[in-house]
Amino acid sequence: MSNSDGSLDRRAFISKSAALVAGASALARTALSYGRTLGANDRISLCHVGNGSRGEDLDWIIAQLGKSKNVEMTGVCDLWSINREKAVAANQKYHGRAPRAFSHIEDVLATEDIDALILSTPDHSHSILLKMAVEAGKDAYVEKPMGNVLEEAQAARDAVKQHSRIVQVGTQHRSEPHPRAARELVQTGVLGDVSKVEIVWNYHGARWRGRPQTKQIREQDTDWRKYLLNKPYRPFDPQIYCEFRLYKEFSSGIPDQWMSHGIDLVHWFMNASFPRSAAAHGGIFAWHDGRENADTFQGLLEYPEGFLVSYSTSFGNDAPSFTRYMGKKATLVNIGGEGSPRYQLVEEKGTHEDNPDIDKNRASKYILLPGETQLPAMGIDDRSLEHMGNWFDCMRSRQQPHATVDNGFAHSVACIMVTNAYWSGKKQYWDAASETIRDQPPQL
Ligand SMILES: NC(=O)c1ccc[n+]([C@@H]2O[C@H](COP(=O)([O-])OP(=O)(O)OC[C@H]3O[C@@H](n4cnc5c(N)ncnc54)[C@H](O)[C@@H]3O)[C@@H](O)[C@H]2O)c1
């Protein structure tokens, strides 16, 4: 994300980043040996870093899997005392023992008995904390977006590979049964050539503004400088702290929050990774509440495999949401917004121009699971268990999980490209050879 600050802030940024990197490699040297080999009967010892709203979901999910996967939350870590204490109480209830309470991730990384970290802190910290975790020999589950600064996402990905850690990225729909069945169908070629994917996910409301936590948080109850990580210092701001999704240095908003899920599914369904180019437009048209990030956003991404993706979100109107994979033989429609399990396959047959009633001739079917007799709901269920379960299985088998660090890096690149395009007003190009984003096509 772009930095609009002057040279002093830039210097501060560089020196803080350097300090952070130095700290992380010191940890790597001392802690690499901590990564223990898990035996089939060993209980996996977890620590959860970032115990906010998503953290509550993840704690609940892990509690459901605690016995069957033989895992225990033995530590929780949050800069903010209120959320830390809530997480201690919740996990004590879930696991029958109080977890250790940490304020700072550095203290978690120095422990020998914690095998893996769950990272559900704000967007700007994911890549940085992921890198620190894997350098200390821990496996990790990291929330999306995996990163929103290209160099940080690259460094995290490289560290995961260098240290052979098992990392699941929190795009959980990859593990849910309906998207898996739909993707399998797409792999049979049933759609014919797909030239366009359209994603429309809407919401009516001043999304991400007015969280109750914003009124509750006090600077003395947290560590604001640690929250900022490598961002230039600015005075404590409870709105940034709790409503980070609205502030461009911390999150790109709609791309980081929602498009990360949507484009990750497209990459997976279409066997694609990096856009060739991206453009974007949007603005603050619905909610003039001091937000920096767009409340109305449209991105267009062209893929080298030969298709275009249009991603659109409006917070000013909740017209029905959908994703459509548009092939020459059929359309796959995911009815509903993020996470909807309702998928329908609709045959392509002639054109409306020749026959206005053409829709009547199109065969269609819903994608149901074996034994499923009713249409699945269209709602989002952020508490599905499969993704976390898959990570636990992979931690034992040392196989790659459903949402790898490469998948996370790819969704991060797509989100960063549309974000750069939005703020700069210039089309962005991915240079695969140098892994850089430019505003000129790469020389071939
Ligand atoms: N996969 C999904 O469906 C899904 C759903 C919701 C949110 N999320 C992701 O979860 C992340 C968190 O969102 P949220 O709504 O829970 O935010 P939140 O503000 O409710 O919680 C974040 C917590 O992290 C803590 N924190 C911040 N920096 C920290 C640090 N460096 N070390 C330790 N603790 C730190 C904060 O004190 C806070 O308690 C976001 O990045 C979001 O994209 C994913």
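Both counts, for ligands and for their atoms, begin at 1 and track the order of listing. Throughout, numbering of the chain's residues begins at 1 and tracks the sequence.
Side chain to side chain, T222 and Y227 fail the donor-acceptor criterion of an N or O pair below 3.5 Å. Side-chain contact, R438 with T436: a donor N or O sits under 3.5 Å from an acceptor N or O. For N271 and Q187, the side-chain atoms include at least one donor-acceptor pair closer than 3.5 Å. Residues N230 and E152 have side chains that bring a donor and an acceptor to within less than 3.5 angstrom of each other. Using a 3.5 Å distance cut-off with no hydrogens or angles, the side chains of N390 and Q168 do pair a donor with an acceptor. In this model, a donor atom of one side chain and an acceptor atom of the other lie less than 3.5 Å apart for T74 and R100.
At a 3.5 angstrom cut-off on N or O pairs, D78 counts as close to ligand 1. Residue N83 has at least one nitrogen or oxygen atom sitting less than 3.5 Å from a nitrogen or oxygen atom of ligand 1, judged on distance alone. Considering backbone and side-chain N/O atoms, G170 comes within less than 3.5 Å of an N/O atom of ligand 1. Backbone and side-chain nitrogen or oxygen atoms of R211 are examined, and one is located within less than 3.5 angstrom of a nitrogen or oxygen of ligand 1. In terms of N/O distances under 3.5 Å, ligand 1 is not approached by S103. Where the criterion is an N or O separation shorter than 3.5 Å, residue side chain and backbone included, D123 meets it with respect to ligand 1.
Not close to ligand 1: H104, with no non-hydrogen atom less than 4.0 angstrom away. Residue-ligand proximity: H261 is placed with a non-hydrogen atom under 4.0 Å from ligand 1. Under a 4.0 angstrom heavy-atom cut-off, T222 registers as lying outside contact with ligand 1.
Closest protein heavy atom to atom 11 (C) of ligand 1: T121 O, 3.3 Å. Among protein heavy atoms, atom 24 (O) of ligand 1 sits closest to G50 CA, 3.5 Å. The closest protein non-hydrogen atom to atom 5 (C) of ligand 1 is R54 CD, 3.4 Å. Considering only non-hydrogen protein atoms, atom 29 (C) of ligand 1 sits nearest to L79 CD1, 3.4 Å. R245 NH2, 3.2 Å is the protein heavy atom nearest to atom 13 (O) of ligand 1. Scanning all protein heavy atoms for the shortest distance to atom 27 (C) of ligand 1 gives P122 CD, 3.3 Å. Among all protein heavy atoms, the one lying closest to atom 12 (C) of ligand 1 is S120 O, 3.4 Å. In terms of protein heavy atoms, atom 43 (O) of ligand 1 is closest to K144 O, 2.8 Å.
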For this session: Before giving the answer on ring-ring contact (aromatic ring centres under 6.0 Å, His included), spell out for H173 and H261 the whole-Å C-alpha distance, their side-chain angles and the decisive distance to 0.1 Å.
Result: CA-CA 8 Å; H173 307 307; H261 276 302; 4.8 Å; yes
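Contacts between H173 and ligand 1 below 4.0 angstrom, taking non-hydrogen atoms only, are absent altogether. Contact annotation: for T171 versus ligand 1, there are no heavy atoms closer than 4.0 Å. Contact annotation for S53 and ligand 1: heavy atoms of both the backbone and the side chain come within less than 4.0 Å of the ligand.
Below 30°, between 30° and 60°, or above 60°: for F269 and Y325 the angle between ring planes is below 30°, a parallel geometry. F315 and Y203 have perpendicular rings, their planes meeting at more than 60° on a 0 to 90° scale where under 30° would count as parallel.
Interface atoms of ligand 1 facing Y227, defined by a heavy-atom separation under 4.0 Å, are 27 (C), 28 (N). When each atom of ligand 1 is checked for a heavy atom of Y241 under 4.0 Å away, the hits are 36 (C), 37 (O). Residue Q257 has at least one heavy-atom neighbour below 4.0 Å for each of these atoms of ligand 1: 42 (C), 43 (O). Interface of H126 with ligand 1, defined as ligand atoms under 4.0 Å from a residue heavy atom, comprises 41 (O). Residue contact check: V49 has heavy atoms under 4.0 Å from atoms 33 (C) of ligand 1.
The pair D139-R398 meets the salt-bridge criterion, since a charged nitrogen lies less than 4.0 angstrom from a carboxylate oxygen.
Annotation: E292, atom CD; neighbour count of heavy atoms from other residues, nucleotides and ligands within 6.0 Å is above 12.
Geometrically, R291 does not engage W208 in a cation-pi contact defined by less than 6.0 Å to the ring centre and at most 45° from the axis.
Proximity of a side-chain donor or acceptor of K226 to a complementary backbone N or O of L79 within less than 3.5 Å is not detected.
The side-chain heavy atoms of E302 and W430, taken from C-beta on, include no pair separated by under 4.5 Å.
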